[in-house]
Amino acid sequence: MRPDPDCRLCDLCEGRTNIVLPDGDPDSKIIFVGEAPGETEDLQGKPFVGKSGKILTAMMEEAGFSRKDVLITNTVKCRPPGNRDPTDEEMDSCRRFLCSELENASLVVGLGKSACRSLTGYQGSMGRIVNKRTLIFINGKKIPFLPAYHPASTIYNRKYREDLAETMRIVAEELK
Ligand code: URA
């Protein structure tokens with residue numbers, strides 16, 4: 001299920017240039033979920049192609065796989081104004097599309113607080129959950145979920161970078 005090209009389910013439609021649909025291998029069972037498109041993503045219509053995307057792509061390659069081996073998507077498909085966090089209402093409006101992307105996954109990696117909040121309801125500190133596998137319910141199915149730091153948060157924090165590198169090693173093992 002994909003949004004209508006003229007989707008108006010929430011107010012994010014007002015400021016968008018492009019709806020940002022998933023990128024990578026549409027048949028991959030491993031799916032990375034980010035927060036929301038930023039400026040570059042909005043202009044190119046592809047997730048994680050700006051600064052955060054460069055970090056994400058480089059860290060995947062360091063762990064021995066490529067962004068083409070997985071599917072990459074976001075909790076919302078349109079850019080929030082000024083790159084603010086998406087609201088619960090916006091994430092709820094877009095959830096039907098996210099759920100249809102995730103329903104056959106064998107592992108969902110939630111990048112950052114918004115993705116983890118949207119998919120598990122967890123609102124506490126990321127440090128307590130990062131790299132600890134749990135289960136989420138998507139369209140009535142139990143799916144393994146791995147909370148991870150958002151690539152942008154690793155720029156000035158070495159510990160977060162090490163933890164995201166560990167996330168990538170877990171995914172690399174899963175891809176074998
Ligand atoms: N940050 C995200 O969470 N998603 C993107 O697509 C780009 C930056």
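This is a predicted model, so every value here is computed, not measured. Just so you know, these numbers use all the heavy atoms, side chains as well, and skip hydrogens, waters and symmetry mates. Just so you know, ligand 1 is whichever comes first in the structure, and atom 1 is the first atom listed for that ligand.
- For ligand 1, one of its N or O atoms has an N or O atom of N74 under 3.5 Å away.
- Close approach of ligand 1 to G34 is summarised as follows: ligand atoms under 4.0 Å from at least one heavy atom of the residue are 3 (O).
- Around CZ of R84, the count of heavy atoms belonging to other residues, nucleotides or ligands within 6.0 Å exceeds 12.
- To the nearest 0.5 angstrom, I30 atom CD1 is 12.0 Å from I72 atom CD1.
- Applying the 4.0 Å criterion to heavy atoms of E35 picks out, from ligand 1, the atoms 2 (C), 3 (O).
- The environment of CG in D88 is crowded: more than 12 heavy-atom neighbours from other residues, nucleotides or ligands sit within 6.0 Å.
- No side-chain heavy atom of I138 sits less than 4.5 Å from a side-chain heavy atom of V108.
- A heavy-atom separation below 4.0 Å is found between H150 and ligand 1.
- L56 is listed as a side-chain neighbour of L111, based on a closest heavy-atom distance under 4.5 Å.
- Distances from atom 5 (C) of ligand 1 to the heavy atoms of P47, G53, A36 put A36 nearest.
- Residue contacts with ligand 1, taken as heavy atom pairs separated by less than 4.0 Å, involve E41 solely via side-chain atoms from C-beta onward.
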